[in-house]
Amino acid sequence: MKTFLDEIAEEIVNSKHPFESLKVVVPSRRASLFLKNALASQIQKPAFAPEIISIENFVEELSTLKKVAPVDLIFEFYASYQEVSDAKQRDSFDQFLGWASVILSDFNEMDAHLVDIKTFFDFQFSLQEMTQWTKNENHSNIIQNHLEFWRLMPALYKALNQRLQQKQQATLGLIFREAVANLEFYLDQTNKHHYFVGFNALNESEAQIVQEF
C-alpha cells in the first residue's frame with residue numbers, strides 16, 4: 001500500500017522536471033528526511049536529490065533573517081523593555097519572566113497571521129480599558145499601572161524588532177511577515193519549480209505564500 005509520501009515521490013519523479021530545478025517545501029526538517037527516503041525508493045539509478053527544505057528555513061531564505069534563539073530572545077526582549085519603560089515602574093527580571101512568554105507568543109501570532117499592527121494594539125488597549133472600567137475604585141493605582149503596561153506594547157514590539165533586525169535576526173512570526181513582503185522579488189529571481197508538501201492548518205503567511213506560487 002502506497003503512503004502519502006510514496007505518492008508524492010512518484011509525482012515528483014513522473015513530473016520529468018530535472019531534480020536540480022526543483023525545490024520541495026515541507027512542514028519540518030524531519031519531514032524532509034522521510035521524503036528523501038521515499039524518493040530514493042522511486043529512483044532506479046544514482047542521482048542527486050532535489051532541494052528539500054523545511055518551511056522555517058524557506059521563510060528565512062525569503063526574509064533574509066535568521067530565527068533568534070529562545071534564550072537570546074528573552075534577553076533581547078528585556079533589554080527592549082528597559083529601553084522603553086520608566087525605571088520607576090519597571091518590573092524586575094524575575095517579574096518580567098512571568099509575562100514575557102505570553103506577550104512574545106502574541107507578537108509571534110500577530111506577525112505570522114499578518115495582522116495589522118496598529119489595529120491590533122489599539123484593539124488590545126481598548127479591550128483592557130473596558131475590562132478595567134468597572135473594577136473597584138480602591139484599586140485605581142493598580143488599574144492605571146495595568147493600562148500603562150498595555151499602552152507600552154507598541155513601543156515594546158517596535159524596539160524588540162529593531163534590536164533583532166540589527167543582528168539580522170527576528171522571531172519566527174516576523175520572519176513569516178518579511179517573507180511575504182519579499183515574495184514578489186523572490187518569484188522574479190527564481191527559476192525553480194516549487195512543491196509544497198504535507199501542510200495543514202496554514203497560518204495567513206503560509207497561505208499567501210502557497211497561493212502566490
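Remark: the backbone N or O of S101 is not paired with any side-chain donor or acceptor of S105 at under 3.5 angstrom. Side chain of R90 to main chain of Q82: a donor-acceptor pair is present (N/O by atom type, distance under 3.5 Å, no hydrogens or angles). Side-chain N or O atoms of S41 include one that pairs as donor or acceptor with a backbone N or O of A38 at under 3.5 Å. Looking at N203, its side chain never comes within 3.5 Å of a backbone N or O of H113 through a donor-acceptor pair. A distance-only check finds no donor-acceptor pair linking the side chain of S21 to the backbone of H17 [under 3.5 Å].
The OG atom of S32 lies 9.5 Å from the CG atom of N37; values are rounded to the nearest 0.5 Å. To the nearest 0.5 Å, atoms OG1 (T64) and CZ (F185) are separated by 10.0 Å. Interatomic distance, R177 CZ to Q208 CD, rounded to the nearest 0.5 Å: 10.5 Å. Atoms CG and CD, from D111 and E178 in turn, are 8.5 Å apart once rounded to the nearest 0.5 Å. With values rounded to the nearest 0.5 angstrom, E109 atom CD is found 8.0 Å from D106 atom CG. For the atom pair F34 CZ and R29 CZ, the distance stands at 15.0 Å (nearest 0.5 Å).
Judged as a salt bridge (charged side-chain N to carboxylate O under 4.0 Å, His left out), the pairs with a partner in residues 183-196 (not counting sequence neighbours) are, in order, E51-K192.
Nearest heavy atom pair, residue D91 against residue Y78, reads O-OH, 3.2 Å. Among all heavy-atom pairs drawn from G198 and P27, the shortest one is O-CG, 3.3 Å. Listed here is the closest heavy atom pair of L156 and S80: CD1-C, 3.8 Å.
In summary, the aromatic rings of F48 and F19 are positioned with their centroids too far apart to meet the 6.0 Å limit. Outside the 6.0 Å centre-distance limit, the rings of F121 and W150 are not counted as a close aromatic pair. When ring centroids are compared, F75 and F93 come within the 6.0 Å threshold. In this structure, Y186 has its ring center closer than 6.0 angstrom to the ring center of H194.
Counting heavy atoms from C-beta on, the side chains of L22 and I52 never come closer than 4.5 Å. Considering only heavy atoms from C-beta on, F199 stays 4.5 Å or farther from V210 through its side chain. A heavy-atom distance below 4.5 Å is found between the side chains of V26 and L35. Looking at heavy atoms from C-beta onward, V24 lies out of side-chain contact with F196 at the 4.5 angstrom threshold. Between S205 and V59, the closest side-chain pair of non-hydrogen atoms is not below 4.5 Å. In this structure the side chain of Y157 never reaches within 4.5 angstrom of the side chain of I103, judged on heavy atoms. For the pair K67/E60, a side-chain contact is recorded, criterion being any heavy-atom separation below 4.5 Å from C-beta on.
Under a hydrophobic-cluster definition in which Ile, Leu, Val, Met, Phe, Trp and Tyr are linked whenever side-chain heavy atoms come within less than 4.5 Å, directly or via other members, L33 and I53 are assigned to different clusters. A continuous path of Ile, Leu, Val, Met, Phe, Trp and Tyr side chains, each step under 4.5 Å between heavy atoms, connects I74 with V84, placing both in one hydrophobic cluster. Grouping the Ile, Leu, Val, Met, Phe, Trp and Tyr side chains by contacts below 4.5 angstrom, directly or via other members, places V102 apart from F107. Placement of L202 and M110 in two distinct hydrophobic clusters is found when ILVMFWY residues are connected by side-chain heavy-atom separations under 4.5 Å, directly or transitively. I175 and V71 fall into different hydrophobic clusters, where Ile, Leu, Val, Met, Phe, Trp and Tyr side chains are chained together by heavy-atom contacts under 4.5 Å.
For R163 and E76, the salt-bridge test passes: some basic side-chain N is under 4.0 Å from an acidic carboxylate O.
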Show your reasoning for whether side-chain contact (heavy atoms from CB on, under 4.5 Å) applies to F149 and Q89.
-> CA-CA 9 Å; F149 172 80; Q89 298 178 328; over 6 Å; no

Working for side-chain contact (heavy atoms from CB on, under 4.5 Å), residues K23 and E61 | CA-CA 12 Å; K23 178 174 286 194; E61 181 182 336; 2.8 Å; yes

Apply side-chain contact (heavy atoms from CB on, under 4.5 Å) to the pair F58 and I209, showing each step before the final yes or no.
-> CA-CA 11 Å; F58 183 55; I209 288 170; 4.2 Å; yes

May I have the step-by-step check of side-chain contact (heavy atoms from CB on, under 4.5 Å) for L5 and L39, ending in yes or no?
-> CA-CA 8 Å; L5 288 181; L39 276 169; over 6 Å; no

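Side chains of D6 and T3: a donor-acceptor N/O pair is present below 3.5 angstrom, by distance only.
Among I55, T171, N108, L62, the single residue meeting the side-chain contact (heavy atoms from CB on, under 4.5 Å) criterion with F176 is I55. When each of N161, L73, V68 is tested with Q169 by the rule side-chain contact (heavy atoms from CB on, under 4.5 Å), just one qualifies, namely V68.
Within 6.0 Å of CZ on F213 lie more than 12 heavy atoms contributed by other residues, nucleotides or ligands.
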